[in-house]
Amino acid sequence: MSTIVAALDFSDGAGTALRVAADHAARTGAALHLFHADVLFDGVDSPSAEVHQTRIAAFAKDKLGAERYANLDPVVAAGRGLAAAPPILNYVASVGADLLVTGTHGRRGLRRLVLGSVASELLREAVCPVMVVPASKTTMPGPGAPVVAPLDFSALNEAALSLAVTWARTYGAPLHLVHIVELLGPYPEFYPESLVPSLAVGTSEAAEALAAEHDLEERAEAALREIAAQVRAEGIGNIELFVGYGHPDRRIDEHAAEHGAGLIVMATHGLTGFAHALVGSVTEKTVRRAPCAVLTVKAPSE
């Protein structure tokens with residue numbers, strides 16, 4: 001990792017995201033870029049880029065401390081647009097960023113539907129992995145704060161698992177491999193075809209009963225053990241396996257909260273437009289409720 005971009009809007013959430021980005025830049029030796037997107041025609045005067053850069057530097061020094069800021073020597077930049085996401089995405093692409101870190105306001109309900117979410121657009125559109133940090137986040141990955149890697153045993157998981165292994169190694173954190181037997185597909189190949197229709201229309205209790213009847217927990221644990229063996233070969237020794245039942249986003253967040261996770265690492269399809277509205281996104285739902293930062297990587301096009 002050579003370049004990390006932290007998107008800042010001067011909120012408390014941005015301050016938390018900045019501290020996470022700065023910590024990872026210090027650990028990896030990556031260059032840290034601080035970027036603010038100036039939204040035009042939002043009812044306030046738009047200052048010059050130089051004024052924004054001065055404000056960004058002051059904000060960062062306040063959140064990090066002057067000495068730490070000086071040691072990191074970040075690149076400070078600002079851009080303009082009719083919305084926040086496009087300038088951020090353009091900057092990330094222009095500097096060849098390896099990671100984009102942003103905060104989220106955690107909007108829900110009608111307000112979120114009306115205002116939308118910059119974080120959601122960045123998740124879907126960014127060319128690099130994106131980390132969304134909740135304003136309340138206080139825990140970094142470490143010996144007592146595992147990295148959680150939800151897996152559905154599809155090819156989409158490969159990039160996310162690789163990132164999870166890298167972060168667990170960098171922070172000396174345990175790695176939790178998690179599979180959730182869910183009510184709605186897609187389902188792994190080892191699920192019996194005759195069982196899938198019943199899972200798709202059943203309740204959580206019925207799904208759990210059917211899963212037990214067809215030994216899905218044992219099958220999932222066996223699949224996770226195979227993956228864990230490959231990961232141990234890469235030098236990660238502290239690995240735990242978990243199988244649960246229900247809606248993946250809720251169960252993933254519950255697992256992260258229960259075990260004091262420092263990070264969740266997931267793949268996202270990067271769907272946009274009607275496809276995104278129709279299908280939704282387990283990743284985005286996980287991000288909105290997560291008790292810790294969520295690192296996402298866009299899955300290869302199918």
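Numbers here are sequence positions counted from 1. Note that these values count all heavy atoms, side chains included, but never hydrogens, waters or copies made by symmetry.
- Residues Ile239 and Pro174 are not in side-chain contact: their nearest non-hydrogen atoms beyond the backbone lie 4.5 Å or more apart.
- Using a distance-only test at 3.5 Å, with no hydrogens or angles considered, no donor-acceptor pair links the side chain of Ser162 to the main chain of Glu158.
- Using a 4.5 Å heavy-atom threshold, the side chains of Thr54 and Ile56 count as separate.
- For the pair Thr16 (side chain) and Ala135 (backbone), a donor-acceptor distance under 3.5 Å is present.
- The closest side-chain heavy-atom distance from Cys292 to Ile264 is below 4.5 Å.
- Side-chain contact between Val148 and Val265 is absent, with no heavy atoms from C-beta onward closer than 4.5 Å.
- Thr283 contributes a side-chain N or O that, together with a main-chain N or O of Ala267, makes up a donor-acceptor pair within less than 3.5 Å.
- If you run side-chain contact (heavy atoms from CB on, under 4.5 Å) between Leu123 and each of Glu284, Met131, Met266, Lys298, only Glu284 comes through.
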Take Cys128 and Val92 through the test side-chain contact (heavy atoms from CB on, under 4.5 Å) and record every step on the way to the result. CA-CA 8 Å; Cys128 66; Val92 165; 3.5 Å; yes

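- Asp249 places no side-chain N or O within 3.5 Å of a backbone atom of Lys285 that could act as its donor or acceptor partner.
- A ring-centre distance under 6.0 Å is not found for His36 and Phe59.
- Contact check for Val5 versus Val101: no side-chain heavy atoms found under the 4.5 Å cut-off.
- Contact annotation: the side chain of Pro129 approaches that of Leu295 to within less than 4.5 Å [non-hydrogen atoms, C-beta and beyond].
- Using a cutoff of 4.0 Å between basic side-chain nitrogens and carboxylate oxygens, Asp23 and Arg27 are scored as salt-bridged.
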Assess whether side-chain contact (heavy atoms from CB on, under 4.5 Å) is satisfied between Val130 and Val132, documenting all intermediate values. CA-CA 6 Å; Val130 178; Val132 180; 4.2 Å; yes

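- Surrounding CG of Asn238 are more than 12 heavy atoms belonging to other residues, nucleotides or ligands, all under 6.0 Å away.
- In this structure, the side chains of His33 and Ile4 stay at 4.5 Å or more apart for every pair of heavy atoms.
- Taking the six-membered ring where tryptophan is involved, the planes of His255 and Phe242 are perpendicular, since the angle between them exceeds 60° and thus also 30°.
- Judged by distance alone, the side chains of Thr286 and Asp253 never bring a donor and an acceptor atom under 3.5 Å apart.
- Between Thr296 and Val294 the shortest side-chain heavy-atom distance falls below 4.5 Å.
- Within the 3.5 Å criterion, the main-chain N or O of Tyr91 finds a donor-acceptor partner in the side chain of Ser94.
- Ion pair Glu254/Arg251 flagged as a salt bridge, since at least one NZ, NE, NH1 or NH2 atom sits closer than 4.0 Å to an Asp/Glu carboxylate oxygen.
- At least one donor-acceptor pair under 3.5 Å links the side chain of Asn157 to the backbone N or O of Phe153.
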